Amino acid sequence: MQQVDQLKERPAPLNMGEVNFSQAEDVRLETTRARFSNILKRHGDLTERLSRDSDKSVFERLQREFEAAHASQTQEVCLDGEQWNDGLLATIRERVHMEAERKVMQLQGDSAAMPNLTFYEKITYRVGNKMICCLDGARLGIQYETSYAGEPCELFHCVLETKSFLEKMTVLEHTIPFFLPIREAENEYLSLNAMKFIDHVGDLLQAYVDRREQVRLIKELYGNQMGELYCSLTYHMVEFVLADFDCKVTVSLGYTDLVSTLPSEISVLAWPVQQPKRLRTGVAPMSRREALGHQLVPARLSHAEDALRTLSLPQAFAEIVLSMPEALKQVFRDQNA
């Protein structure tokens with residue numbers, strides 16, 4: 001009886017169910033994350049397929065028009081810096097209207113009025129990653145040529161309708177991905193400054209392709225070191241997990257400006273998986289509440305955030321992985337003491 005009484009008075013040890021009270025929650029969380037990841041993948045595949053199928057005929061038709069305009073040119077002018085300005089854009093619009101008027105007279109058979117029209121050479125203009133040309137029907141065409149690391153990527157088109165100099169130009173059709181804010185850019189820039197609109201759309205497209213290719217490259221090079229990977233359609237939000245370490249490292253990137261290729265919001269957290277020293281040694285058992293109070297908190301990895309702030313994603317990833325083991329030892333030294 002005395003032994004029984006002593007056992008009753010002895011504090012109840014923390015059993016396995018109490019020590020691992022969060023394991024069931026972790027399992028449920030991982031199951032939810034897996035399901036959500038699958039939904040995102042299916043959504044991305046469906047979005048890509050719908051976007052590709054709906055835009056395919058428009059892209060092919062516009063591509064033929066741009067190729068025909070380029071083939072019929074009498075001159076190609078490459079512009080740098082200040083050569084691309086509002087005055088030149090006004091000249092291009094004048095050419096568009098004169099060519100449209102000439103086409104109308106040809107269709108009407110008005111040969112008498114033809115000599116009164118000023119003859120304009122068919123010129124295409126190249127400004128950075130843009131080719132600008134006149135299209136039939138009083139339309140101004142811009143073809144955007146994107147690239148990554150010096151290698152060409154997709155072509156995108158934007159066709160502006162220019163009815164007269166008294167009316168603002170409008171976006172007639174385009175092959176720009178639906179999730180990029182083309183209409184917002186039209187409302188903000190086109191009526192006030194058409195040149196700024198043309199340049200802004202080019203910046204949007206190039207930045208989007210650059211962010212997308214950065215993510216594609218780290219998946220290709222370091223996929224075996226990564227866990228979950230989540231991206232928005234515009235790649236302005238990117239989250240992934242580094243799974244090749246003793247702890248879980250989560251990386252969250254946000255690009256508040258869609259023309260940026262470097263993130264403005266960065267969070268890199270290391271989530272320790274080791275139990276507190278008191279639990280590991282089995283000394284002075286703790287209650288469930290005490291165990292909760294002694295759980296390790298995630299550590300912020302400032303060296304990784306600095307790398308992501310200044311380097312492209314593949315470059316930063318390589319630097320982070322190399323320095324990660326030593327960085328983890330340092331940040332958890334106090335917590336594991």
Side-chain angles (χ1 to χ4, degrees), residues 40 44 47-48 51-52 55 59 62 66 79-81 84 89 125-132 141-160 171 173-190 192-222 229-240 251-268 304-320:
L40 286 178
T47 299
E48 181 181 357
S51 177
R52 182 178 62 248
D55 291 342
F59 176 87
L62 288 180
F66 276 86
L79 305 173
D80 295 318
W84 168 236
L89 184 57
Y125 299 88
R126 289 196 173 273
V127 187
N129 69 333
K130 301 177 287 290
M131 183 185 79
I132 304 172
I142 306 101
Q143 177 174 278
Y144 297 95
E145 303 168 352
T146 61
S147 62
Y148 178 71
E151 296 296 325
C153 295
E154 298 100 317
L155 297 176
F156 299 96
H157 309 93
C158 183
V159 178
L160 304 179
V171 176
E173 56 184 344
H174 63 85
T175 60
I176 295 167
F178 70 91
F179 44 78
L180 291 178
I182 178 70
R183 291 304 174 189
E184 289 84 345
E186 179 182 4
N187 294 333
E188 184 174 355
Y189 299 116
L190 190 52
L192 301 175
N193 190 324
M195 187 185 79
K196 190 171 183 178
F197 167 81
I198 294 171
D199 290 343
H200 180 71
V201 172
D203 293 340
L204 275 176
L205 289 167
Q206 182 55 54
Y208 156 69
V209 169
D210 199 294
R211 292 192 302 269
R212 184 198 66 195
E213 291 302 298
Q214 288 186 48
V215 172
R216 180 194 62 79
L217 194 56
I218 65 168
K219 288 171 63 178
E220 181 180 308
L221 296 176
Y222 308 106
L229 172 63
Y230 305 100
C231 303
S232 62
L233 291 176
T234 57
Y235 289 85
H236 78 297
M237 293 179 62
V238 180
E239 294 187 2
F240 58 88
V251 180
S252 300
L253 307 175
Y255 302 75
T256 54
D257 191 344
L258 288 182
V259 299
S260 177
T261 58
L262 291 174
S264 54
E265 299 175 356
I266 305 169
S267 173
V268 183
E305 294 179 353
D306 292 340
L308 289 163
R309 191 171 288 109
T310 56
L311 301 174
S312 70
L313 193 49
Q315 291 174 318
F317 198 105
E319 183 173 308
I320 290 169

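These figures come from a predicted structure and were not determined experimentally.
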pair [X]-[Y]: side-chain heavy atoms closer than 4.5 Å:
X: Leu204; Y: Pro181; answer: yes
X: Leu160; Y: Leu190; answer: yes
X: Val215; Y: Leu229; answer: yes

Does [X] reach the main-chain N or O of [Y] with its side chain, forming a donor-acceptor pair under 3.5 Å?
X: Tyr144; Y: Ile198; answer: yes
X: Gln143; Y: Phe66; answer: no
X: Asn193; Y: Tyr189; answer: no

Just to verify, what does Glu239 make a side-chain hydrogen bond (donor to acceptor under 3.5 Å, both in side chains) with, not counting sequence neighbours?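 Once residues adjacent in sequence are excluded, Glu239 has no partner under the side-chain hydrogen bond (donor to acceptor under 3.5 Å, both in side chains) criterion.
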Residues 148-158 vs salt bridge (charged side-chain N to carboxylate O under 4.0 Å, His left out), sequence neighbours excluded, gives Glu154-Arg212
Enumerate the residue pairs fulfilling salt bridge (charged side-chain N to carboxylate O under 4.0 Å, His left out) with a member in residues 213-222, sequence neighbours excluded, ordered by first and then second residue. Glu213-Arg216, Arg216-Glu220
What's the shortest heavy-atom distance between Leu205 and Pro177, and which atoms?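 Minimum heavy-atom contact is CD2-CD, 4.0 Å.
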Correct closest heavy-atom pair for Leu62 and His157 would be CD1-CB, 3.9 Å
Please list all pairs meeting side chain to side chain donor-acceptor pair (under 3.5 Å) that have one or both residues in residues 198-209, counting only residues at least two apart or in different chains.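 Non-adjacent pairs meeting side chain to side chain donor-acceptor pair (under 3.5 Å): Trp84-Asp199, Lys130-Asp199.
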Between atom [atom1] of [X] and atom [atom2] of [Y], what is the distance when rounded to the nearest 0.5 Å?
X: Asn187; Y: Phe197; atom1: CG; atom2: CZ; value: 9.5 Å
X: Tyr148; Y: Leu217; atom1: OH; atom2: CG; value: 5.0 Å
X: Leu89; Y: Lys196; atom1: CG; atom2: NZ; value: 14.5 Å
X: Arg211; Y: Met237; atom1: CZ; atom2: CE; value: 12.5 Å
X: His236; Y: Leu253; atom1: NE2; atom2: CG; value: 12.0 Å
X: Ile176; Y: Ile182; atom1: CD1; atom2: CD1; value: 3.5 Å

Going by atom type alone, with no hydrogens or angles, which donor-acceptor pairs under 3.5 Å involve a side-chain atom of residues 258-267 and a protein atom two or more places apart or on another chain?
from	atom 1	to	atom 2	distance (Å)
Ser260	OG	Leu262	N	3.2
Ser260	OG	Leu262	O	2.7
Ser264	OG	Gly254	O	3.4
Ser264	OG	Thr256	N	3.2
Ser264	OG	Thr256	OG1	3.0

Atom CD of residue position Glu145 - does it have more than 12 heavy atoms of other residues, nucleotides or ligands inside 6.0 Å?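 Yes, CD of Glu145 has more than 12 neighbouring heavy atoms, counting only those of other groups under 6.0 Å.
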Before we go on, tell me: are the rings of Phe156 and His174 under 6.0 Å apart, centre to centre?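 Ring centroids of Phe156 and His174 are no less than 6.0 Å from each other.
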Could you list the donor-acceptor pairs under 3.5 angstrom formed by side chains in residues 307-317, with sequence neighbours left out?
from	atom 1	to	atom 2	distance (Å)
Arg309	NH1	Asp306	OD1	3.0
Thr310	OG1	Asp306	O	3.1
Ser312	OG	Gln315	OE1	3.0
Gln315	OE1	Ser312	N	3.4

